[in-house]
Amino acid sequence: MTKRKIVLAFSGGLDTSYALVDFREKGWDVVTANVDTGGLHSGEAEIVSARAEELGAVEHHVVDARAELYDRVVTYAIKANYLRNGAYPSCVGAERLIQAEKVVQVALEVGADAIAHGSTGAGADHVRYDAVIRALAPHLEIITPVRDERLVREEEAEFLRSRGFAVSEKVKKYSINEGLIGTSIGGEETYGSWDYLPEDAWTYTKSIADAPAAGVELHLTFEKGQVVAARVADGDSLVADDAPNFAILSALNVLGGEHGVGRGIHMGSTMVGNLARVGFEAPGMLILIAAHRELEKLVLSNRQQATKATLGNTYGDLLHEAVYFDPIMDDFRAFLDSSQGRVSGTVRVLLHKGNIVLLGSKSPYSLLDAATRQGVVYGHGSSAWTGEEARAFAHMYAMPGTIARIAGQPVE
């Protein structure tokens, strides 16, 4: 009798390692799919592949999705200046969309009967995975042992050890998910609202105390809202001219982490309704969003910025929650693309002891330069209007408030 085949989204971590062995013992042929969205460094793909083979996978697939993630997710997150609750750049959450899509592709290619992932039922990742799988392959069964059996990490670790498989102590203690957008870190300290992650929980960002005393100045150049060049102040480029589209973000993650930039702990409501807290490291996204927003202040009108802030936040929230296939998302992206027509120029950024300091910006579409050419200079008067006109404007501008105050006073 032919065994049923299941494709498992596999990272090599504790949850997916448990799931692989569990499925194999229940009689499945397990095909593992490791989707690289920026979390695999040199040699790590081979380590994950070896882990899959060790645990009994019949096939292992590695899919490089970094460029697609950057084009379809990162660029629009930057155009939207999206930070969840004003602080969190969505990190790995927004990457689950691309990962789930690629796992579905592998499942269809190998003729799988089911798809599995190692998400728990406590967070939002299981919803993201399920939403994408059901949209793209509704005929495939979704099986999630960690979620369905409500397992805790200590139980999974003991299950693997009892079968002779090694379990890293750090993997047992912390749930770490690294990607191009950033790294999320969950552990005992994040289960409550008071404690902060200890130094050994962070993966690559330096503490402020250990960051270099001297900062580094960067010049980030954007064309129509997309970063196209990153140089240090002395002119050296962070990446080669022929580097892939995501290379600048990757380089900023490394450089920012070296200067203590990008650490944080985010707390907010999840899509399933509970309040959650997670540590994150995302130097590159925080640097690019800060610089992009600064450039927009120079070239976009107040109404454009206000409208973008609202629509961009809504778009980002929906993306974070895996609402990708609703047609409204195409409408949002069309607006974001249109809004970036003049967002071209260069921003000076200083990274210093955990801080992102915006030093200045310039653009051929600068509203400040255009105003100066018309004689409008803030703080020094203006040749574009007379003193009498300025007085009349101030008088009329104050009128609504004056009338409202008088209306609120009782008539004797």
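Using a 4.0 Å cut-off between charged nitrogen and carboxylate oxygen, R4 and D29 do not count as a salt-bridge pair. A salt bridge does not link D337 with R333: none of the charged nitrogens is closer than 4.0 Å to a carboxylate oxygen.
Residue E25 places its CD atom among more than 12 non-hydrogen atoms of other residues, nucleotides or ligands, all under 6.0 Å distant.
The salt bridge (charged side-chain N to carboxylate O under 4.0 Å, His left out) search around D125 returns R96, R128, not counting sequence neighbours. By the side chain to side chain contact (heavy atoms under 4.5 Å, CB included) test, D326 is found to be paired with V323, I328, residues two or more places apart in sequence or in another chain being considered. In this structure A370 satisfies the side chain to side chain contact (heavy atoms under 4.5 Å, CB included) test together with R373, sequence neighbours excluded. By the side chain to side chain contact (heavy atoms under 4.5 Å, CB included) test, S301 pairs with R303, Q304, sequence neighbours left out.
For residues 280-309, the set of pairs meeting the ring-ring contact (aromatic ring centres under 6.0 Å, His included) definition, not counting sequence neighbours, comprises Y88-F280, F222-H292.
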Q.
Could you walk me through whether E296 and Q340 satisfy the side-chain hydrogen bond (donor to acceptor under 3.5 Å, both in side chains) test, starting with their C-alpha distance in whole Å, then the side-chain angles of each, then the deciding distance to 0.1 Å, before giving a yes or no?
A. CA-CA 9 Å; E296 285 192 330; Q340 300 300 291; 2.9 Å; yes
(Q) Applying salt bridge (Lys or Arg N to Asp or Glu O under 4.0 Å) to R231 and D236, what does each step give before you reach the verdict? (A) CA-CA 5 Å; R231 300 180 181 277; D236 291 337; over 6 Å; no
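Using a 4.5 Å heavy-atom cutoff, the side chains of H60 and V48 are in contact.
A cation-pi contact, defined as under 6.0 Å to the ring centre and within 45° of the axis, is absent between R72 and Y70.
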With a 3.5 Å cut-off and sequence neighbours excluded, list the donor-acceptor pairs that the side chains of residues 207-215 form with protein atoms.
unit_1 : atom_1 : unit_2 : atom_2 : d
S207   : OG     : D210   : N      : 3.2
S207   : OG     : D210   : OD2    : 3.2

